[in-house]
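First the structure, in the form of structure tokens, and then the observations on it.
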Amino acid sequence: MKNDRYKSDSGIPIDPLYLPSGKYDYLDDIGFPGLFPFTRGIYPAMYRERIWTMRQYSGLGSVSESNRRFKNLFAKGQTGLSVAFDLPTQMGYDSDHPIAEGEVGKAGVPIDTQEDMDDLFSDIPLDRVSVSMTINATAAVILAMYLAVTKKRGIPMAKLSGTIQNDILKEYLARGTYIYPIGPSLRLTRDIITFCAKECPRWNYISVSGYHIREAGATAVQELAFTFANAIAYVEMVFRHGIVIDSLLGRVSFFFSAGRDLFEEIAKFRAARRIWARIAKHRWKAADEACRLRFHTHTGGSCLTEQQAENNMIRVSIQALAAVLGGTQSLHTCSYDEAYSLPSDESVSIALRTQQIIARESGIPNTVDPVGGSYFIESLTCKIEEEVFKEIEKIDRMGGAVSAIKTGYMQGEIHRSAYESQKQLEAREDKVVGVNCFEEPGPRRGVKTLRSDGCLGERQIERLRRHKKNRDHLFVAHCLDRLKKALKGDDNLIPYIIECVESGATLGEVSDALREVFGIYKGA
């Protein structure tokens with residue numbers, strides 16, 4: 001007997017009991033780990049052979065403070081770096097720009113110059129550490145600074161491993177840190193991919209992000225559908241420029257959210273692998289090896305509550321379990337105090353220990369896909385796959401992701417889902433402990449939060465002033481002029497941007513050169 005009250009977070013009806021189903025074929029749909037369509041995992045042994053990368057997203061205050069946080073996390077067992085940049089850096093403004101006032105170092109680390117990038121990774125062996133950088137509109141400049149730093153240290157590009165997010169399309173539909181019109185922005189994305197494919201063979205040159213789509217209010221189904229629609233647009237854009245499809249797909253990675261609905265999230269990750277494998281095989285005739293979907297997971301920041309903040313530790317644990325049971329390759333776990341501020345050292349340590357306890361004490365990594373074969377999980381996996389393909393087909397009929405963004409379709413669908421979710425929360429149909437049920441009367445318990453340095457902005461501006469004073473201004477101007485000329489042609493822009501940052505040009509100056517030629521995005 002069905003009851004409409006029982007639905008997943010995406011609105012998929014949940015039956016009271018699941019029995020063997022004829023909806024899926026065991027070999028074609030579920031198969032074996034390490035084999036197409038990779039429902040059960042992309043490697044035969046999964047975590048028995050190698051635990052997922054524990055990559056806590058961090059960046060705060062000054063470059064020296066962020067460097068200290070990185071080293072502290074490594075000392076506690078983190079296995080990869082994930083860098084958060086402040087909003088001025090993401091939007092292409094130097095710390096001394098009027099629009100940056102009050103935002104320098106507040107939600108990430110400020111990077112104005114190659115020197116800042118060098119100090120950020122001081123005493124960190126970049127030839128042995130995988131570095132992930134969440135940056136999009138200014139991804140080309142940040143990557144150029146990183147490559148300039150590693151060149152200065154004598155590290156060949158071929159030895160570098162890591163990821164640059166470089167997913168500009170989701171900025172237009174979900175996150176908002178775009179600068180240039182869609183066409184020029186996609187050119188920068190293309191140039192990063194084609195440059196890295198040739199020069200940095202171990203580098204993941206794009207991480208197509210569903211996380212920010214989900215954080216904006218999308219359902220799990222929309223998260224996958226819109227992410228894969230964007231990925232299709234990127235692959236087909238670059239494929240037209242001569243990169244072999246199997247080689248191209250081998251360095252395309254993904255970034256998903258782990259929401260609060262444990263079983264839907266596990267099924268979502270399993271369905272995601274199958275969906276991408278079938279897209280790669282059927283659209284592009286990719287070899288099985290190239291059909292593997294590799295993804296990083298970030299537990300849901302929007303699921304954290306200010307009320308009874310300590311409860312967030314339990315929420316994060318459940319979300320981390322979903323990611324691991326779903327077969328993630330890399331994981332960030334949120335800190336319980338992030339509804340208040342940037343996380344403290346104590347809360348970051350608890351978040352990392354959450355992953356380590358799952359890895360070392362739960363027994364989950366002992367077998368591959370421990371939830372595989374569950375009647376409920378397999379049914380939900382099939383249903384999510386079915387709904388995602390329906391949505392992708394609808395976007396295809398519109399002309400693809402770029403057209404769907406320009407018409408506002410995907411943005412509108414996300415807004416609608418966010419609105420419905422908020423209505424359910426306010427009507428108490430959707431229960432959140434401490435927010436609309438099991439509330440505690442009286443003042444809220446205090447959480448010891450990380451306090452930002454009120455003089456940080458002034459010190460960063462002084463650092464930038466010294467940098468500008470000591471550089472060769474004529475050479476900087478010459479390099480920026482060369483970049484502007486290249487912007488009007490079709491040469492790959494990355495070598496020109498590297499030349500600019502090596503000359504001493506700042507992130508803001510390079511971004512302004514691009515603004516001058518490309519213009520800025522005015523909205524759909």
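- Note on ring orientation: taking the six-membered ring where Trp is involved, the planes of Tyr172 and Tyr521 are perpendicular (angle over 60°, cut-offs 30° and 60°).
- Ser185 places a side-chain N or O within donor-acceptor distance of the main-chain N or O of Tyr180, the cut-off being under 3.5 Å.
- Checked for salt-bridge contact, Arg153 and Asp127 miss the test: no charged N lies under 4.0 Å from a carboxylate O.
- For the residue pair Asn67 and Ser122, no side-chain donor N or O sits within less than 3.5 Å of a side-chain acceptor on the partner.
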- Show your reasoning for whether side-chain hydrogen bond (donor to acceptor under 3.5 Å, both in side chains) applies to Ser62 and Ser64. CA-CA 5 Å; Ser62 64; Ser64 59; 3.0 Å; yes
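- Between Lys152 and Glu115 no salt bridge is recorded (no basic side-chain N to carboxylate O distance below 4.0 Å).
- With values rounded to the nearest 0.5 angstrom, Arg315 atom CZ is found 8.5 Å from Cys303 atom SG.
- Salt-bridge check for Asp112 with Arg465: failed, with every basic side-chain N at 4.0 Å or more from each acidic carboxylate O.
- For Arg466 and Glu462, the salt-bridge test passes: some basic side-chain N is under 4.0 Å from an acidic carboxylate O.
- Contact check on Glu199 versus Lys151 returns no salt bridge, with no Lys/Arg side-chain nitrogen under 4.0 Å from an Asp/Glu carboxylate oxygen.
- Gln165 places no side-chain N or O within 3.5 Å of a backbone atom of Asp167 that could act as its donor or acceptor partner.
- Between Glu413 and Arg416 a salt bridge is recorded (basic side-chain N to carboxylate O distance below 4.0 Å).
- Under the salt bridge (Lys or Arg N to Asp or Glu O under 4.0 Å) criterion, Lys431 pairs with no residue at all, not counting sequence neighbours.
- Using a 30° and 60° split on the angle between ring planes, Phe255 and Tyr211 fall in the parallel class, below 30°.
- Of all the heavy atoms in Ser344 and Arg69, the pair that sits closest is C-NH2, 3.8 Å.
- Gln355 and Arg360 share no donor-acceptor pair across their side chains, judged by distance under 3.5 Å alone.
- Listed by chain and number, the residues in a side chain to side chain donor-acceptor pair (under 3.5 Å) with Glu346 amount to none (sequence neighbours excluded).
- The salt bridge (Lys or Arg N to Asp or Glu O under 4.0 Å) check on Lys159 picks up nothing, with sequence neighbours excluded.
- Under the 3.5 Å distance criterion, the side-chain polar atoms of Arg471 are matched with a main-chain donor or acceptor of Gly504.
- Ring centroid separation for the pair Trp203 and Tyr146 comes in under the 6.0 Å cut-off.
- Between Lys106 and Glu103 there is no salt bridge, since none of the side-chain N atoms of the basic residue sits less than 4.0 Å from a carboxylate O of the acidic one.
- A salt bridge is absent between Glu426 and Lys423: the closest approach of a Lys/Arg side-chain nitrogen to an acidic carboxylate oxygen does not fall below 4.0 angstrom.
- Between Arg68 and Asp345, at least one side-chain N (NZ, or NE/NH1/NH2) sits under 4.0 Å from a carboxylate O, which counts as a salt bridge.
- You'll find the ring centres of Phe256 and His296 outside the 6.0 Å limit.
- In this pair, Phe269 and Phe295 present their aromatic rings parallel. The plane angle is below 30°, not in the 30 to 60° band.
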